[in-house]
Amino acid sequence: MVVAMVAATVGRLSCCFAFGWSMLAAGQASSCPAGSGSCSDGGGAEGDAAVIAQIIGTSPPEGAKPGVVRALRLLAEQSTKGIDYKTLGLGWDHPTARTEYRRGEHRSFTHAKSKARSETSREALNALLKSCEGLPADGLERAVVDAFVHEIGLPHDAGPGAEAKFEPVLAALEGELLLPLRALVEGQKAMHNTFNGWAVPPDKVAVVCEQIVTHVLKGDYSEWRYSNPVGTRQLEGLSQEQLQKWREPTRVEHEGGIATHEDAPGELGLFWATKIGGPSHGFDIEGQCLLPLLANARHKVVLVSDPDWPHHPCGRAHFRFLWTDATPAVPMLWLETVNSDFVARVDSGPWRRMVLRHVVGKAEAMKVRLAVETHLQGELESVVKEFGGTGAAAVASNRFMLRPSNGVVEASDYLSDKHDWVQLEEEVTHAMRRCIYTPVGA
């Protein structure tokens, strides 16, 4: 009966399904490295197989490649501890900290609809695993891909699902993206209005969500962010050297083992970035506000990974590349406040100085100016002096030209008092006083 149900709902999923949430779910400390995506504990293929058997009740087929076993484990953990966004939608009732998603004890997970969907996923995985024996390696990989696509709410043979490949799906699972992608697929209705109630075009939301999911599943998400026509226009005017440096996921190591980093190669950490502190939004809370970060070439984050909180990055600051509204337009990096994860028990005191060091280094490397809040001038000048910066800082007033957003909306409490708004045309901000650091050569 279960097999028939799976065949009817999953189509050509012929055999298999795979978050390292088991330790957190048990209330234990995790040992995942700072800055990592997935937090599954180690143990290799053997350990992964044991977790699969514990969750699903069936072991993976003998001879399966370690990567397939790993994917099956991650898919088992994420799909059997999920939120049914199709029923619950998006909203402020969902968790605000990443570790809450790993534990799966929040009311969004214990809601009857979410529990029923998670149990259906468990039964489907069990049935598929039992039918896996004898499949060739590429058949096992395809089954994992189709299962993941099904779990995020898409058909496997059309649209983004038809573009999905095994290695990108494994990367998405390592990045804990099952629920973020499911929210983008199933929660779009909640993105049709801004925080203040202004209408957002549903067709354009659907297009950008499909593009984001498609490129994650294809494995070229980061490349797409910078090479799509809207993103290219946002960065137009930079030299090739400057473009390359902006695109680089720069990482700086600091004292005490702390690192500041613009996520990592692939940029899949962007999906979780706005779950770090706040008040903020996220993929399932005011989801339209996340679209600019996910889709715009001009928008990044500087993350902070601290060894005292090894579960995931625990600090975050929005980081943008903008043009002034002047003749000629002046390129400028734009830094917003440093937020700390709501539940991370760490000393965040040194972070701001570390982030300033990071962005000053980026400005020096790109030979462009940097804008920070005026009250940071003294600290900025101290950082420049300590680390051998070439330029000087001074307070100035500028208006910025916002070229169209590839995320349909723009969202910032610093660039506008509207919080989030439809931004499909060029627009100019009001005049803003910021402390501007100008490196030599900028």
Side-chain angles (χ1 to χ4, degrees), residues 19-41 74 77-78 80-83 85 88 90-111 114 118 173-180 182-183 187 254 256-264 268-287 289-290 293 301-319 336-355 413:
F19 210 85
W21 302 349
S22 50
M23 296 181 75
L24 280 169
Q28 302 173 32
S30 163
S31 59
C32 57
S36 66
S38 172
C39 202
S40 289
D41 55 312
L74 296 168
E77 290 180 319
Q78 294 177 41
T80 63
K81 194 180 292 181
I83 298 173
Y85 294 117
L88 302 186
L90 312 187
W92 290 92
D93 291 333
H94 294 310
T96 56
R98 189 168 180 174
T99 47
E100 290 185 277
Y101 290 83
R102 291 175 176 167
R103 290 193 176 93
E105 297 170 354
H106 186 275
R107 59 183 177 272
S108 295
F109 292 89
T110 60
H111 188 282
S114 293
S118 295
L173 285 163
E174 291 284 10
E176 303 175 321
L177 296 195
L178 190 150
L179 288 181
R182 181 186 285 180
H254 303 270
I258 297 172
T260 54
H261 50 106
E262 294 156 35
D263 193 32
L268 298 184
L270 298 183
F271 288 83
W272 285 99
T274 55
K275 287 288 184 180
I276 301 174
S280 191
H281 49 266
F283 52 84
D284 56 9
I285 299 173
E286 296 295 325
C289 295
L290 182 59
L293 173 59
V301 286
V302 178
L303 300 176
V304 181
S305 288
D306 191 316
D308 288 338
W309 183 257
H311 311 299
H312 54 74
C314 50
R316 176 263 302 169
H318 284 287
F319 189 38
E336 297 184 6
T337 192
V338 180
N339 289 276
S340 177
D341 189 88
F342 288 120
V343 300
R345 296 181 294 276
V346 291
D347 175 14
S348 62
W351 292 358
R352 189 170 70 189
R353 187 175 184 84
M354 293 173 177
V355 170
D413 288 325

Taking all non-hydrogen atoms of both residues, which atom of [X] and which atom of [Y] are closest, and how far apart?
X	Y	value
I83	P95	CD1-CD, 4.3 Å
V304	H261	C-NE2, 4.4 Å
Y101	Y85	CE2-OH, 4.0 Å
A273	L293	CB-CD2, 4.1 Å
F271	L177	CB-CD2, 3.7 Å
K275	I285	NZ-CD1, 3.6 Å

With distance as the sole criterion, is a donor-acceptor pair present between the side chains of T99 and H311 under 3.5 Å? no

[atom1]/[X] to [atom2]/[Y] distance, rounded to the nearest 0.5 angstrom?
X	Y	atom1	atom2	value
D413	T337	CG	OG1	11.0 Å
K81	T110	NZ	OG1	12.5 Å
F109	R103	CZ	CZ	11.5 Å
R98	L179	CZ	CG	11.5 Å
D308	I258	CG	CD1	7.0 Å

V302 vs H318 side-chain heavy atoms within contact, under 4.5 Å: no

Could you go through F283 and T274, starting from their C-alpha distance and side-chain angles, then the distance that decides it, and tell me whether this counts as side chain to side chain contact (heavy atoms under 4.5 Å, CB included)? CA-CA 8 Å; F283 52 84; T274 55; over 6 Å; no

Does any N or O in the side chain of [X] come within less than 3.5 Å of the main-chain N or O of [Y], such that one atom is a donor and the other an acceptor?
X	Y	answer
S118	G82	yes
Q78	L173	yes
E286	G282	no
W272	E176	yes

Side chain to side chain contact (heavy atoms under 4.5 Å, CB included) evaluation trace for W351 with V346: CA-CA 10 Å; W351 292 358; V346 291; 3.5 Å; yes

Could you walk me through whether I276 and S340 pass side chain to side chain contact (heavy atoms under 4.5 Å, CB included), step by step? CA-CA 6 Å; I276 301 174; S340 177; over 6 Å; no

Any ion pair linking R316 and D263 (charged N to carboxylate O, less than 4.0 Å)? no

Are R102 and E77 within salt-bridge range, i.e. N to O under 4.0 Å? no

Mind checking what makes side chain to side chain contact (heavy atoms under 4.5 Å, CB included) contact with D93, not counting sequence neighbours? R107

Apply side chain to side chain contact (heavy atoms under 4.5 Å, CB included) to the pair E262 and F319, showing each step before the final yes or no. CA-CA 9 Å; E262 294 156 35; F319 189 38; 4.0 Å; yes

